[in-house]
Amino acid sequence: MTTRFALVDCSSFYASCERVFRPELEGKPVVVLSNNDGCIIARSNEAKNLGIKMGAPYFQLRDFMEKQGVAVFSSNYELYGDMSRRVTNVLLQFTPNLEVYSIDESFMDFSHLKEEDVISHSKQLRERVLQWTGIPVSVGVGPTKTLAKVANRLAKKKAADEGVMVLTNTSDIEAALEQTEVRDVWGIGRQHAARLQAIGVGNARQFRDLPADWVKKNMAVTGLRTVLELRGSSCINLEADEVPAKKNICTSRSFGQPISTLSEIEEALSTHTVRCSTKLRRQESYAGAITVFLLTNRFAKDASSDYYSSKSARLPAASNSETQLLRYANALLKQMFRKGERYVKVGVVLSELVPAEQVQLDIFSVENTEKQDKLMMTLDNLRQRFGHAAVKYAVQGEEKNSKWAMKHEHLSQCYTTRFEQLLRAR
DNA sequence: TCTGGGGTCCTAGGACCC
DNA sequence: TCTGGGGTCCTAGGACCC
């Protein structure tokens with residue numbers, strides 16, 4: 001049996017999510033902003049056609065977009081996460097062999113389909129997702145994941161009502177690779193694209209035909225893997241099983257405005273640390289080390305090279321205790337903080353993660369660990385039922401009206417999870 | 001005034017050992 | 001003070017992804 005992968009990609013996902021609940025925006029330009037309303041991270045086709053670029057700073061385009069009548073939204077991850085789960089549930093009706101690759105993309109195993117059924121199957125899938133969730137998707141099919149990605153890009157370019165592209169025979173693949181610029185190949189970033197461009201490799205077909213040893217030497221094994229995948233031999237498997245446990249967990253945010261006082265940064269860092277340790281416990285891990293990093297404005301006129309500073313500490317024994325992590329985080333922060341700097345962002349990374357069942361208990365504090373575990377479980381439950389703000393530490397301060405809280409001036413409602421929100425508000 | 005957040009993998013080079 | 005080769009482990013940094 002030949003392998004066959006489908007890549008299903010939600011079109012302009014965040015913008016589409018917002019539009020599902022604002023049907024009057026159908027056919028109108030819509031954009032969604034990053035955290036802090038910083039830059040543009042999703043655009044409907046109409047917005048793309050206005051020349052609005054991905055990643056463009058919002059403040060530079062604000063006036064232009066207002067004139068053009070573009071609907072602007074702050075990012076609402078609660079909504080997008082919920083919509084993403086709905087899409088996945090529909091996809092699972094078509095095959096259980098599915099890998100959720102990101103919030104808006106899934107790889108599916110189509111190896112079991114007869115070749116002549118692939119197109120109709122893909123079209124049916126597309127229609128059902130649209131009908132049941134309101135989200136338009138494009139479907140690309142190919143013998144490897146990388147070729148499925150290539151197919152998907154082309155599917156998007158086809159007439160809006162199709163959105164399906166299947167690559168099976170060699171001549172179709174050849175043509176598809178000719179049409180694909182090398183910088184648009186999955187696994188080729190800015191640096192490699194520039195290098196390839198410089199030696200005259202402009203499209204994916206030319207890249208595929210480079211000698212393997214040149215690729216290995218200049219682009220490491222990851223580059224070689226990409227070439228092999230373009231040649232049709234599958235090197236990157238579907239990871240359909242349980243998502244592997246993360247090896248690092250990080251929480252960070254830019255401040256709403258620059259901050260120079262230690263106490264305000266402490267509030268932000270403490271809030272991030274609580275969030276981060278909640279993620280840690282959700283995947284049932286313990287952390288062996290903690291890192292705090294702090295950024296000054298790298299866009300400032302007099303930007304010095306050391307806009308980034310970080311400090312790490314190893315914990316005496318792997319821990320998932322919020323109180324302990326908070327102590328360490330704030331101690332590290334105090335070592336790094338310098339008066340007179342204008343800081344724009346702080347974050348925490350938990351690393352050297354170990355699964356709960358493998359934790360080496362600190363023999364001197366067995367009792368404490370048990371108590372801590374119970375306390376943490378109670379906190380997690382409370383927060384899950386009543387929201388993050390339900391239980392806080394004094395050091396987290398009051399997020400509302402603080403300088404460090406995110407800007408979110410165009411936030412939509414949490415339509416799909418509003419019921420829980422109402423409960424919370426009571 | 002205003003430029004996101006959260007990850008993974010690979011490699012080179014240093015530290016250390018015998 | 002100088003003289004060697006070979007191996008492992010760790011870390012920082014680079015490149016990539018969405």
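Basis for what follows: all heavy atoms, side chains included, without hydrogens, waters or symmetry-related copies. Order of the sequence lines sets the chain letters (A, B, ...), proteins ahead of strands, with each chain counted from 1.
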Whether the side chain of A/S74 engages the backbone of A/H410 through a donor-acceptor N/O pair (distance < 3.5 Å, no angle test) should be reported. yes
Within the structure shown, what part of the strands sits under 4.0 Å from A/S75 by heavy-atom distance: base, sugar-phosphate, or nothing? nothing
When the distance from CG of A/N35 to P of B/dG7 is rounded to whole Å, what number comes out? 13 Å
Heavy atoms only, 4.0 Å cut-off, all strands: where does A/V185 land among base, sugar-phosphate and nothing? sugar-phosphate
Does the side chain of A/K247 get closer than 4.0 angstrom to OP1 or OP2 of B/dC9 through an N or O atom? yes
Looking at A/R327, A/R275, A/R383, which hits salt bridge (charged side-chain N to carboxylate O under 4.0 Å, His left out) with A/E322? A/R383
Without decimals, in angstroms, what is the distance between A/M54 CE and B/dG5 P? 14 Å
Look at the side-chain N and O atoms of A/K145 and state whether any lies under 4.0 Å from the OP1 or OP2 oxygen of C/dC17. no
So does A/S102 get a side-chain nitrogen or oxygen closer than 4.0 Å to the phosphate oxygens (OP1/OP2) of C/dC17? no
Taking atom types as modelled, find out whether A/N97 and A/T95 have a side-chain donor-acceptor pair closer than 3.5 angstrom. no
Hydrogens and angles aside, do A/T291 and A/S312 bring a side-chain donor and acceptor to less than 3.5 Å of each other? yes
Using whole Å, what does the distance between atom C1' of nucleotide B/dC2 and atom CZ of A/R62 come to? 7 Å
Kindly say if A/R225 contacts the phosphate of B/dC10, meaning a side-chain N or O under 4.0 Å from OP1 or OP2. yes
Across the strands shown, which category fits A/E105 at heavy-atom distances under 4.0 angstrom: base, sugar-phosphate, nothing? sugar-phosphate
Can you confirm if the aromatic rings of A/F107 and A/W186 lie within a centre distance of less than 6.0 Å? yes
Residue A/V221, side-chain heavy atoms: nucleotide from B/dG6, B/dT11, B/dC2 that is nearest: B/dT11
Looking at A/K345, I'd like to know whether one of its side-chain N or O atoms comes within less than 4.0 Å of OP1 or OP2 on B/dG5. yes
When we call it a touch if two heavy atoms are under 4.0 Å apart, what does A/I103 touch: a base, just sugar-phosphate, or nothing? nothing
Between CG of A/D9 and P of C/dC17 the distance, given in whole Å, is 14 Å
Would you mind reading off the distance between A/Y308 atom OH and B/dT3 atom P, rounded to a whole angstrom? 19 Å
Does A/Y101 reach a base, just sugar-phosphate, or nothing at all? Heavy atoms under 4.0 Å. sugar-phosphate
In whole Å, I'd like the distance from the CD atom of A/Q191 to the C1' atom of C/dC16. 10 Å
Can a side chain N or O of A/R190 be found less than 4.0 Å away from OP1 or OP2 on C/dG14? no
Assuming nearest nucleotide by heavy-atom distance, tell me which of A/Y58 and A/K246 is located more 5' along DNA chain B. A/Y58
Rounded distance in Å - CH2 (A/W404) to C1' (B/dC2): 20 Å
Kindly say whether the aromatic ring centers of A/F73 and A/Y14 come within a distance under 6.0 Å. no
Check this one for me: any side-chain N or O of A/S254 less than 4.0 Å away from OP1 or OP2 of B/dG5? yes
Name the residue closer to the 5' end of DNA chain B, choosing between A/R342 and A/N36 according to the nucleotide with the nearest heavy atom. A/R342
Can you check the A/W186 CH2 to C/dA15 P distance for me, whole Å? 20 Å
